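Notes follow the structure.
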Amino acid sequence: METAETEGWKKSACIICSINCGLEIKTENGRITKVKGDKDNPVSQGYICEKSQRMDFYQNGADRIDTPKRRKADGTYENIDWDTAIREIAEKFKTIQQQHGGDSILYYGGGSQGNHLGGTYADSTIKALGIQYRSNALAQEKTGEGWVQGKMAGAPVHGDFEHCEVAVFLGKNPWQSHGFARTRVILREIQNDPNRAMIVIDPRRSETAKMADFHLAVKPGTDAWCLSALSAILVQENLVAKAWLDEHTTGYAAVEAAMRKINVAEYAKICSVDESMLRSAARRIASAQSVSMIEDLGVQMSLHSTLNSYLNRLVWLLTGNYAKKGANNAFAPLLNLSNSTRSTSKKSNSGKPAAPRKWTHSPVTHSKVIMGLIPCNVIPDEVLTEHPKRFRAMFIESANPVHSLADSQRMRQSLRALELSVVIDVAMTETARQADYVLPASSQFEKAEATFFNLEFPRNGFHLRHPHLPPRPGTLTEAEIHARLLEAMGELDETHYRFLRGAARLGRTAFGLAFAWKSARDKKVVRYAPVVLYRTLGPSLPANLAPAATLWGISQIYVRTQAAAAKGAGFGGPPLIAGNRLFEAILNSPSGVIFGVSQYRDSWDAVKLPDHKINLNIQEMLDELATIDNKLPHHRPDYPFILCAGERRAETSQTSIRNPDWMKKGDFSVMRIHPEDAAMLGCTEGDWVQLKTPRGSAKAPIELTDELQRGYVSMPNGHGLDYPGADGMLARRGVSVNELTNTADRDPFAGTPWHKYVPVHLERLAQI
């Protein structure tokens, strides 16, 4: 880290979305003054979108905190010193653990879009407290997909959109939400190539849909009928890759039988897509040499979301689009964030089903734990009860569940009902304002940081971002916070560090050998490896990079578990040496490094099922499909419109960007509505309406657009944050959409919310 700011450009990354494009920034007097794309970044290659220009609004928010805070009885906060905060929090957590068990504490969060590195240290605190239940934003979106991919292959996949002949976007508008590197460049390439095609399945005529060869404008909530019809066409017209299916999959007979029962014409009517359009799209998929398909929140936060994830995979698997260039492939991440499994029980060595594993369901509602996460929508039900196994404490890190989860009112009530709630964050968020303790973290530009959203194939990159601004006095990195907590709980001390710290001074090889020796003799070294590495290897790293020490352990694990991909990127050989070389490359590559290079055939090795064959028959999903016609979307007469609560737009941002000054023009939380619906309400452009849902109400200005279907309205995500004005008083700009959503509206399999299908009543406001 530079001790004196200069005029030079500094390597960093955007934190707005999961792609984390490489940036170069200029700083002056603690501010980020200029931003441009980093052409040396091996993944983004200089690409950025307009949202990257908002970094300083995150860095210099007025609600950033720089001292620990403790809630008083009257609801206000007092500043306390770090020693007091750590001691009290450690004591109170340990008391709850001893009285009620670690399973009475819920850990939520662990890293927003750009700061996953700090979350690796939370693992040590989780283990020290015996915490069994976790949740985070992935449980809002991806657990249904994770459950399906676990049952079908046991490996996460990602599309090769750069090389595909046909790209299919399901409930996704990548022009705004991205989802793969250099998104807009690749979208234009597909659009302008007559030999390639784009298919978009979306109720709205989005920016991406306008570029598409086929826009399947489904009626909101009917994606499952559209996807079923596509698969049925493939089967009924004999367009499936039968020889490929016989060689690489199991369970096709059950799928074929289900698809032959589907009345395509009837399903086309239900989803409001012309049958000829459906057949043309299916035939284009079947005829292509390669197809990549991606789903997103438009279906993952809507009706039948888990079934949609299953049907999505059938479309590209029935046509043989796996494990080849331009298709869907199993990527090898540096650290796997998904613990998806094929079932809640495993077979014993005898081949008989073993007893169900613990922690497979939440303690009160018995909801499925998928990818190690309980559904976000059940958290209040797990707290606001007299059940003896209820959650009594929450540890929340780099997350804002009061704003981001359904039914904000009930989430606030839940936090206040807990015996203890602790938040680690850079700002006084809506969640922090309900917590018992708030611990201030250094920002993502003041510490070593990274993301583990490493989804690329065949070349996969990782970017350790170096700090370029001095940390605010009074803040600490997450690595330091968790280290202090473990030491305060008596879990670690100098006896665990001294030998390894000395070895680190002799070099990485000596340290690796010493770590292996010490681990074999001291279980706590392994159990709390991230903190041990931070305290021992960390001091030997370049200035201000001590929190990157956890990456040494991750590198060592990666070269052992993903040896082929690591070797392809040049990190082969004896594991200790290979891991050290990868770690050195990460430290010394300010624009990021390619850590894995795979072959397309490697995707078969990633399939964890017998004989590396993909399972097409998920019986629960086929059973659901058989009854789907009895579960048609319906409008309640008292709530005749359907609200999409959280649309990605140019004028939306990640909620880490709390300062509303980033939006230079327009209004916050404009509700989009079809002109004919507006006329029916007596509204014109710019009028205000009141929205009423079964859970809450709000007021918003309207924008007329024929991009939406009639009866369907949308509100943007990321607005409605409580932010201090010039007078220090909190003010809310726009609508916090989760004041309108309901925890009971969720997928029956994964518990993911139906934020894209919220019943709403609209009334014109005479004046505002």
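Position 1 is the first residue of the sequence, and the numbers go up from there. Computed from a predicted model, the values in this text were never measured in an experiment.
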(message) Tell me if the centroids of the rings in Phe515 and Trp552 come within less than 6.0 Å of each other.
(response) yes
(request) Calculate, to the nearest 0.5 Å, the distance between atoms NZ and CG belonging to Lys10 and Asp38 respectively. (result) 14.5 Å
(request) May I ask you to say whether Glu480 pairs ionically with Arg535, meaning some side-chain N is under 4.0 Å from a carboxylate O? (result) yes
(request) Indicate, with yes or no, if the rings of His482 and Tyr534 have centres closer together than 6.0 Å. (result) no
(message) Using 0.5 Å steps for rounding, measure from the CD1 atom of Ile294 to the CG atom of Asn328.
(response) 9.0 Å
(request) Assert yes or no for the condition that the ring centre distance of Phe457 to His163 is strictly below 6.0 Å. (result) no
(request) Could you tell me whether the side chains of Asn308 and Gln300 share a donor-acceptor contact shorter than 3.5 Å? (result) no
(message) Would you say the ring centers of Tyr322 and Trp244 fall short of 6.0 Å from each other?
(response) no
(request) For residues Glu189 and Arg182, determine if any side-chain heavy atom of one lies less than 4.5 Å from a side-chain heavy atom of the other. (result) yes
(request) Could you grab the distance from atom CG of Asp602 to atom CG of Asn329, nearest 0.5 Å is fine? (result) 9.5 Å
(message) If we count only N and O atoms by modelled type, under 3.5 Å, do the side chains of Gln176 and Arg649 hold a donor and an acceptor together?
(response) no
(message) Is a donor from one side chain sitting under 3.5 angstrom from an acceptor on the other, for Ser309 and Glu295?
(response) yes
(request) Hey, could you give me the CG/NZ distance between Leu464 and Lys11, rounded to the nearest 0.5 Å? (result) 14.5 Å
(message) Any salt bridge linking Asp56 with Lys34? Criterion: basic side-chain nitrogen under 4.0 Å from a carboxylate oxygen.
(response) no
(request) Quick one: pull up OG1 in Thr208 and CD1 in Ile199 and give me the separation to the nearest 0.5 Å. (result) 14.0 Å
(request) Could you tell me whether Arg508 and Glu584 have a side-chain N and a carboxylate O separated by less than 4.0 Å? (result) yes
(request) Using a 4.5 Å cut-off on heavy atoms from C-beta on, say whether the side chain of Met55 contacts that of Ile25. (result) no
(message) Checking Arg459 against Glu162 for the salt bridge (charged side-chain N to carboxylate O under 4.0 Å, His left out) test, could you report, in this order, the C-alpha distance in whole Å, the side-chain angles of both residues, the deciding distance, and whether it holds?
(response) CA-CA 12 Å; Arg459 292 167 52 83; Glu162 184 175 1; over 6 Å; no
(request) Check whether the ring centres of Tyr558 and Phe571 lie less than 6.0 Å apart, and answer yes or no. (result) no
